[in-house]
Number of protein chains: 2
Amino acid sequence: MAARASSKTSESSDKVSVICRALRRAIIEQALEPGAKLPEDALGERFGVSRTIARHALGQLAAEGLVELRRNRIAVVATPSWQEARDAFDIRIELERLVVRQLAGRLTRAQIAELNAHVDAEDRARGGTDAVSIRLATEFHILLAHMTNSPILVRYVSEVAYRCCLTLSLYSRPHSSECAINEHRAIISALAKGDEAKVMELMHHHLDSVANRALVAPTPQRGRDLLDILAPYADEVTSDRVVKLPKIARRG
Amino acid sequence: MAARASSKTSESSDKVSVICRALRRAIIEQALEPGAKLPEDALGERFGVSRTIARHALGQLAAEGLVELRRNRIAVVATPSWQEARDAFDIRIELERLVVRQLAGRLTRAQIAELNAHVDAEDRARGGTDAVSIRLATEFHILLAHMTNSPILVRYVSEVAYRCCLTLSLYSRPHSSECAINEHRAIISALAKGDEAKVMELMHHHLDSVANRALVAPTPQRGRDLLDILAPYADEVTSDRVVKLPKIARRG
DNA sequence: GGCGCTCCAATTGCATGCAGTTTGATGTCC
DNA sequence: GGACATCAAACTGCATGCAATTGGAGCGCC
């Protein structure tokens, strides 16, 4: 038998949740780039709801770290710094090691089939856009998390995976997902064999190399976050009135 | 020099954030017990804001797992199941191992002093109520997380620590925090020495024993979540119309 | 041309109002 | 007395309206 008894985790069908899901997907597929503006009225109009609801949705996404909310300012898609990206991956590695540790040797045949089917889908998507490949790769990890039947773990893995997904779109060079797919297959196989240590090592290595392929260097040019780049230089001044930067728009 | 450059993580001074902080504290200090009702009007009136704001705050707290939000129903303080509590602690162990791994040997004298001062405060609070002891113990861990200067890590550690705090109030027997304090001191000392492996082991053992002291057994009586207790018995029936339970109120 | 100022459209922060749902109290029937 | 229908109060889901803040276009000055 698989890990545990059933449990419901799926988001309810609030209008708020619907908008959250839509925006989340748009963000991780890079339809909305980091820094893109998200005005409340525009969202409300687009989704046929009032500003109140759009606002509430933005609040939720901000809690997940996908959106940046500054008082009295238009919300924007988050632009994680390089260091934040590295931190996210570090956390992700630990969380996902936990996932596969709990799963090793405990998967049903049906679950293994489901995982294989997902990787097949990733394979088929290789011809398509990078955005879809990245999304599918991310969803593989979330699918794994779901199989633990631990709602908390699902939530955290999903969140941090989405964040990583977002940073990939910022810092990554044209994505080569081929090796990632092979690594996914290796993980499934080790999970089926039940080799706990091996699968933890595989997952660790997999995520580490995804991170390293992407976050090769702080790449400040493409990183475009003027404020972060300037931060070390500003540290000398007393933290107020430091950055006037009147004409440099944060958004590219 | 300490871990990294500065970064701002503190919640803004929205009315929403104020209410969140207040409720969070009330919950972890058990002023609000698990299952306690949180009607929007009442909150709004109490904090001198409109229902809109109270509602938004509840949404945020629900995202953190401290509040349960069911459509068209009064929000209640979350009542984690025993299994969820165990899951939360598992995640917490991994996250906090990461924290001390990043911190080992990298703390400034000032930071070490700050940590020691906090534990002194825990010591002094030993005569007081359990609620305050638990809160201080939790805040020690959050203080550690802050010292990594990783906003993401701070957020996750805080969240999961609060959740654990909440479950302690549900399942724990009268708290004996003495050993926990000694363990805190040992962790500080190992951090100062910079013994990475040792401090990770200490933290792991510390959290594990906190969890074991608390979550001794599923203790269904005090667990009071009728629906969860009955769930396995209901699994035989086809998942709809299962629980009419007309007269058994979920709240104790 | 470049810099600063003023002012207005765009946008957020928040309260209020209305409609629909849930709760539980009362009354009715057996 | 106990189960069931009925109904009003309580509460949530959501839209709208108003005041306050922001950002940037236009304009004058150097």
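As a basis for the values below, the full set of heavy atoms in this structure was taken, side chains included, without hydrogen atoms, waters or symmetry mates.
Closest to the side chain of B:N72, out of D:dA15, D:dG13, C:dG13, is D:dG13. The side chain of B:E40 sits closest to D:dG13 out of D:dC11, D:dG13, D:dA15. Closest to the B:R73 side chain, of the nucleotides C:dT12, C:dT22, D:dC14, is C:dT22. Considering only the side chain of A:T52, D:dT16 comes nearest among C:dT16, D:dT16, D:dT12. Listed nucleotides: C:dT12, D:dC11, D:dT16. Nearest to the side chain of A:I74: C:dT12. Nearest to the side chain of A:K37, among C:dC14, D:dG24, C:dT22, sits D:dG24.
Summarising the geometry, the separation between CD1 on A:I19 and C1' on D:dA15 is reported as 13 Å, rounded to the nearest angstrom. B:L38 places its CG atom 19 Å from the P atom of D:dA10, with the value rounded to the nearest Å. Whole-Å rounding puts the A:H56 NE2 to C:dC14 C1' distance at 15 Å. Between A:D14 atom CG and C:dT21 atom P there is a gap of 14 Å when expressed in whole angstrom units. Spacing between atom CG of B:D41 and atom C1' of C:dA15 amounts to 13 Å, rounded to whole angstrom units. Whole-Å rounding puts the A:R70 CZ to D:dT22 C1' distance at 11 Å. Put simply, CD on A:E45 is 13 Å from P on D:dA15, counting in whole angstrom units. A straight line from CG of A:L43 to P of C:dA10 spans 17 Å, rounded to a whole angstrom.
When each of A:R21, A:R155, A:R24, A:R163 is checked for a salt bridge (Lys or Arg N to Asp or Glu O under 4.0 Å) with A:E64, only A:R24 meets the rule.
Remark: B:E139 CD to B:L144 CG distance equals 12.5 Å, nearest 0.5 Å.
Distances shorter than 4.0 Å separate none of the side-chain N or O atoms of B:R71 from OP1 or OP2 on D:dG13.
At the heavy-atom level, A:R51 lies under 4.0 Å from base atoms of the strands shown.
When every heavy atom of A:H56 is checked against every heavy atom of B:G59, the shortest pair comes out as NE2-CA, 4.1 Å. Shortest non-hydrogen contact noted between B:V49 and B:A54 is CG2-N, 4.3 Å. Across A:I74 and A:K37, no two heavy atoms sit closer than the pair CG2-CB, 3.9 Å.
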